[in-house]
Amino acid sequence: MSTSTEPKTENSTVTTERITGSEAVVRCLLAEGVDLIFGYPGGAIMPVYDELYKYREEIHHVLVRHEQGATHAAQGYARASGRVGACIATSGPGATNLITGIADAMIDSTPIVCITGQVPKHLLGSDAFQETDVMGISIPVTKWSFQITSPEEIPSVFAKAFFVAKSGRPGPVLIDITKNAQFGELDFSYEKCDRVKSYVPRPVVDLERVQEAADLINNAKKPYVLFGQGVILSEAERELKAFVEKTGIPAAWTIMGLSAMDTDHPLNVGMLGMHGNYGPNVMINECDVMIAIGMRFDDRVTGNLEKFAKQAKVIHVEIDRAEIDKNVKTEVAVLGDAKEVLNLLTPMVNANQHEQWRQAFRDCDAKEYEKVIRNECEPTTGMMTMGEVIKNLNKHTNGEAIIVTDVGQHQMVACRYSDFKQSKSNITSGGLGTMGFGVPAAIGAKLGAPQRQVVAVVGDGGIQMTIEEFGVILQTDVHVKILLLNNEFLGMVRQWQQLFFDKRYSATEMINPDFQLIAQAYKITANKIDQRDELDAAVKQMLEHEGPYFLEVMVGKENNVFPMVPAGAAVADIRLE
């Protein structure tokens, strides 16, 4: 290996070295601060794995049991740590197995960089062994994709990949590297990327639009804040709190915005959407000004768009121009980073209380408590409910834990009833709704925030899609807690079948294995309960256990999640029963 000295710049190495492409990949990762990568080796990526072995003290590789698990783990890591997650796989089926997690990261704006091996350049398009057109497959579900076919491309492509993944509205990037590029040599130096031609990740905020927004807010009688994950991604939690406390505006959240604001804050009125809280859904059609911050008006939030807040003047604070007026037409669109916009907006708005308007939400809360929450969270007879399990979990975590959910009824219940006192605490598959997300994402979250308690709340359907990732817990000794709420059904589908298909439970009843034996086979301490008087001690034991723990709680088979907005209905038509 030869070296030559070059002038040192702020973002570059001191020397140029003649190294292989595979070593350059690892050096790029180190330059971007990557010290943990999730992956699964194979023939087309083996040269990079050989270099990872040499650098195993600098980069810890977590061997997943399925490539989809690598993407979900990288997502969990990114969401819990605020850093870019990284994963790696081979060509062909290794690459295609990443796609579900990449699509999930795309719709939920999660920054991950995925590396895949590829057949040598001269074999591209020849249907070689384990060749797939991963570029064609991944382009629709990535923020950016690039195929490297020569080693000289590696440094600049990796620098751009990490910049694109984490800047602006974050998202997944895929780098496909042919085998010849891994074996070939280059004169390596690395310079971080801080701009890309024609790409404007952080728009310049138009102060006139901010003033127009302030004027609307100052004249509003019934203003309403709806915040999403953009608040978390821009680290604008303090700014959001300062804004709502000054204005006295009730604030509701999307499922991805949960934990950006303390759940017990008096101005936090709960979740809007299909299984959200009664007040936020009903009052959305009563407000006169809606301030949407860092959210995209997903259909699960809006319900029938023809009946969504038609009376309201909408202010949309959003970093991605493509989301402006896409689903909901705005009166004032403020394009920009949520943190920057709120810092500009808050001094312009008047202090207020809106006490009468806030009381309307509290009245709705009382009605929801009587009709739904009391029965769900405080039952005294019958099978245990998911709600009472989550409430008991709150008692022992004090709102300080990271809750990672899979997808289904347990997800909605956990989001509705979990207490949070810290941001980056709710990790779930929001836009894609990927069953199997929970366990690998919880592993990634724990590795991304090792000092925090991480609890995976899962269902008996989703857990069996990625249960093989128990092997990661065995091999890596990740101290994650897994709470299985078992109703022996694909619960969310069954609920729809009950309510809208005359109880024709087609292919939704589950004949399950002995989950305790499976957990124990992976050396995970396990327990199972089905009696209410066992719950408190069992949850306490799970959380206090030093090491990974699996707790299975049997809950009612045909319990439903309410409130609920039926498909095609307006959110204000939310059903309490």
Side-chain angles (χ1 to χ4, degrees), residues 106-109 168-169 200 202-231 233-234 236 240 243-244 247 249-257 269 271-274 276 279-338 340-342 344-345 348-349 354 357 430-431 565-574:
M106 183 66 178
I107 200 166
D108 281 352
S109 304
R169 179 180 181 178
V200 184
R202 192 183 177 101
V204 176
V205 178
D206 187 334
L207 291 177
E208 289 187 11
R209 300 288 85 78
V210 179
Q211 185 62 61
E212 290 174 10
D215 291 343
L216 282 178
I217 293 166
N218 288 335
N219 290 305
K221 302 300 182 185
K222 297 180 178 181
Y224 183 123
V225 167
L226 177 57
F227 63 90
Q229 190 188 198
V231 172
L233 294 173
S234 66
L240 173 66
F243 172 75
V244 298
T247 59
I249 301 176
W253 37 268
T254 70
I255 192 173
M256 298 298 291
V269 295
M271 179 168 69
L272 179 69
M274 180 169 283
N281 280 280
V282 170
M283 292 302 160
I284 200 74
N285 280 0
E286 297 291 331
C287 68
D288 56 0
V289 173
M290 184 201 309
I291 307 106
I293 306 172
M295 52 83 65
R296 59 187 180 84
F297 289 111
D298 172 75
D299 63 290
R300 288 296 175 100
V301 167
T302 65
N304 187 335
L305 280 169
E306 296 301 316
K307 300 178 180 179
F308 180 75
K310 290 300 180 182
Q311 79 295 336
K313 294 179 179 179
V314 178
I315 299 166
H316 195 177
V317 178
E318 173 58 46
I319 200 168
D320 186 353
R321 187 183 300 274
E323 296 296 343
I324 301 293
D325 293 329
K326 184 177 79 173
N327 294 324
V328 173
K329 298 301 179 183
T330 58
E331 183 80 12
V332 177
V334 185
L335 192 65
D337 176 80
E340 182 180 2
V341 173
L342 287 170
L344 293 168
L345 179 61
M348 297 181 182
V349 294
H354 294 292
W357 170 233
V565 179
V571 289
D573 295 330
I574 190 167

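Note: hydrogens, waters and symmetry copies are ignored here, and every other heavy atom, side chains too, is used.
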Minimum-distance pair of heavy atoms, taken over all atoms of P280 and Y224:
O-OH, 2.9 Å

Taking every non-hydrogen atom, the tightest pair across W357 and P250
NE1-CG, 3.3 Å

Measure across V289 and A220 and return the closest heavy-atom pair with its distance rounded to 0.1 Å.
CG2-CB, 3.6 Å

By salt bridge (charged side-chain N to carboxylate O under 4.0 Å, His left out) - contacts of D206 (at least two apart):
R209

Under 3.5 Å, sequence neighbours excluded: what are the donor-acceptor pairs made by side chains of residues 326-338?
| residue | atom | partner | partner atom | Å |
| --- | --- | --- | --- | --- |
| K326 | NZ | E323 | OE1 | 3.0 |
| K326 | NZ | E323 | OE2 | 3.2 |
| N327 | ND2 | R296 | O | 3.4 |
| N327 | ND2 | F297 | O | 3.0 |
| K329 | NZ | D325 | O | 3.3 |
| T330 | OG1 | D325 | OD1 | 2.9 |
| D337 | OD2 | K339 | N | 3.1 |
| D337 | OD2 | E340 | N | 3.2 |

Please walk me through it: do D298 and T254 pass side chain to side chain contact (heavy atoms under 4.5 Å, CB included)?
CA-CA 9 Å; D298 172 75; T254 70; over 6 Å; no

Rounded distance [0.5 Å steps], NE2 in H316 versus CD1 in I291:
12.0 Å

F243: partners by ring-ring contact (aromatic ring centres under 6.0 Å, His included), with sequence neighbours left out
none

For S109, which residues count as a side chain to side chain donor-acceptor pair (under 3.5 Å) partner, sequence neighbours excluded?
R169

State the CG-CD1 distance between L240 and I293, to the nearest 0.5 angstrom.
5.5 Å

Spacing of L342 atom CG and F227 atom CZ [to the nearest 0.5 Å]
11.5 Å

Please list all pairs meeting side chain to side chain donor-acceptor pair (under 3.5 Å) that have one or both residues in residues 301-315, counting only residues at least two apart or in different chains.
none

Quick one: pull up CD1 in I284 and CD1 in I574 and give me the separation to the nearest 0.5 Å.
11.5 Å

Calculate, to the nearest 0.5 Å, the distance between atoms CG and CE belonging to L226 and M290 respectively.
6.5 Å

Let me see the working for Q211 and L207 under side chain to side chain contact (heavy atoms under 4.5 Å, CB included), right down to the final yes or no.
CA-CA 6 Å; Q211 185 62 61; L207 291 177; over 6 Å; no

So how far is it from I217 CD1 to I249 CD1, rounded to the nearest 0.5 Å?
5.5 Å

Qualifying side chain to side chain donor-acceptor pair (under 3.5 Å) pairs, either residue in residues 281-292, two or more places apart:
none

So, the side chain of D320 versus the backbone of G168: is there a donor-acceptor pair under 3.5 Å, distance only?
no

